[in-house]
Structures are given as C-alpha cells and as structure tokens.
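A short worksheet on the structure shown next.
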Amino acid sequence: MNIVNISDLIIAIAVAVIPVIGAYIVKILKANKFVALLTPLAHDAVVAVQKLGVVKYIEGEAKKSKAVEIVVSALTKLGFKKADLTTIENAVEDEYSKAIKELDVTYPQMTEEQEKAAAEQATAKAKADAITTAQKAATDAQANLAKLQAAQSN
C-alpha cells in the first residue's frame, strides 16, 4: 500500500466521521441549552401560577399542570419541539418546593371559601346596582310625569 492510498483512506474516513461527530456535538449543546433554560422557565411559571392563585382559587395539581403547560409553551417557542414532560414536571416541582415559603408570603392564595364569598359579594353588588338603577329610573319617570301634569294644567 502506498502513501497516497493511505491518505485517501484517512480523508474518506474523516469525511464520513465529521458529520456524525458534528451532530453529536450539536445534540450535546442543545441538551445543555435545554437544561440551562429549564430552571428559569420553571421558576417563572411557578411564580405566574402563584400570582394567578391570588385572585382565583386553584388546586395544587391544577397549579402544577398550568405551570408545566407554560414551560412547554415557552420551550416550543424557543425551538424545542420534543421536550421530556417528566423532566419539565420535576423542574416545576423542584422550583415550587424551593420558592413556596417566599411565594406564600408574597402571593397569599385564595381559598375555595374566599372565592365563594367573593362571588356572592359580586352577585349582591350586582343586585344592589340593579335596584339603584331601577329606583333612579322610577324617580326620573315620576319627575317627568310631574312636569307633564304641570304643563297640562297650565
């Protein structure tokens, strides 16, 4: 075997191996980027769902599902088409467990009873507003009737 054949063989092997190595490196870099993005996205999703719980009663599992949904949506927008759902759920749970004490102080959650009381209060306010509007309309109608009667008697 001569040197030209050996160098051609080495070049052929290098040409065949470089795309495989390149794809492997890209895969590793993308996985590292995914891990680097997952933690802050999970934290932001947990905070967002906790903020939502201030004005609306949300159960624990519904909070987790909503936070996971937010993270999946954000990752999809960033170009991660296939994300491991279990990894995302674990990241959300981890961020929630780290931040729960601070979040409960900053964003106290509405209870089911508070939500019912707020709904009843809103209903009562709507009824009171309707009564006030009806009374004003009746008063205006009586004033108009008095004007008409005064004009007719003159």
Side-chain angles (χ1 to χ4, degrees), residues 9-148:
L9 179 63
I10 292 172
I11 291 172
I13 291 172
V15 167
V17 171
I18 288 175
V20 172
I21 292 172
Y24 181 73
I25 291 172
V26 167
K27 186 177 180 180
I28 289 174
L29 292 175
K30 193 170 183 179
N32 288 341
K33 185 177 178 184
F34 173 80
V35 171
L37 288 172
L38 187 57
T39 301
L41 286 175
H43 178 76
D44 291 346
V46 166
V47 171
V49 172
Q50 190 76 5
K51 283 182 180 179
L52 182 61
V54 171
V55 295
K56 182 179 178 185
Y57 172 70
I58 305 173
E59 293 180 10
E61 191 59 37
K63 280 184 184 180
K64 178 183 169 186
S65 297
K66 184 66 176 170
V68 168
E69 181 182 314
I70 291 169
V71 173
V72 168
S73 173
L75 287 171
T76 302
K77 289 177 184 175
L78 292 171
F80 294 96
K81 304 264 187 274
K82 294 180 182 177
D84 182 29
L85 197 57
T86 304
T87 303
I88 294 170
E89 288 174 349
N90 290 339
V92 166
E93 286 178 11
D94 184 49
E95 286 302 315
Y96 186 76
S97 68
K98 288 178 185 175
I100 184 61
K101 290 179 184 172
E102 181 182 319
L103 289 174
D104 277 343
V105 170
T106 308
Y107 306 109
Q109 299 298 286
M110 181 178 277
T111 64
E112 193 171 5
E113 292 80 25
Q114 289 172 326
E115 186 176 46
K116 286 179 185 177
E120 289 172 3
Q121 189 176 23
T123 302
K125 185 180 180 330
K127 287 179 183 178
D129 289 347
I131 290 171
T132 303
T133 303
Q135 287 174 339
K136 185 177 180 330
T139 304
D140 290 345
Q142 286 176 344
N144 285 339
L145 179 61
K147 284 180 188 177
L148 288 172

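- Closest non-hydrogen pair, V92 versus A67, comes out as CG1-CB, 3.7 Å.
- In this structure, S73 contributes its side chain and E69 its backbone to no donor-acceptor pair below 3.5 Å.
- Interatomic distance, L85 CG to E89 CD, rounded to the nearest 0.5 Å: 4.5 Å.
- Counted within 6.0 Å of NZ on K64, heavy atoms from surrounding residues, nucleotides or ligands total more than 12; the atom is thus considered enclosed.
- For the atom pair CG of N144 and OG1 of T139, the computed distance is 11.0 Å after rounding to the nearest 0.5 Å.
- We find the CG-NZ distance between L41 and K77 to be 11.0 Å, quoted to the nearest 0.5 Å.
- Residue T133 holds its OG1 atom at 9.5 Å from CD of Q135, rounded to the nearest 0.5 Å.
- Evaluation of the side-chain contact (heavy atoms from CB on, under 4.5 Å) rule for S97 yields D94 as partners, not counting sequence neighbours.
- Using a 4.5 Å heavy-atom threshold, the side chains of L75 and L38 count as touching.
- Separating the CG atom in D44 from the OG1 atom in T39 is a distance of 11.0 Å, to the nearest 0.5 Å.
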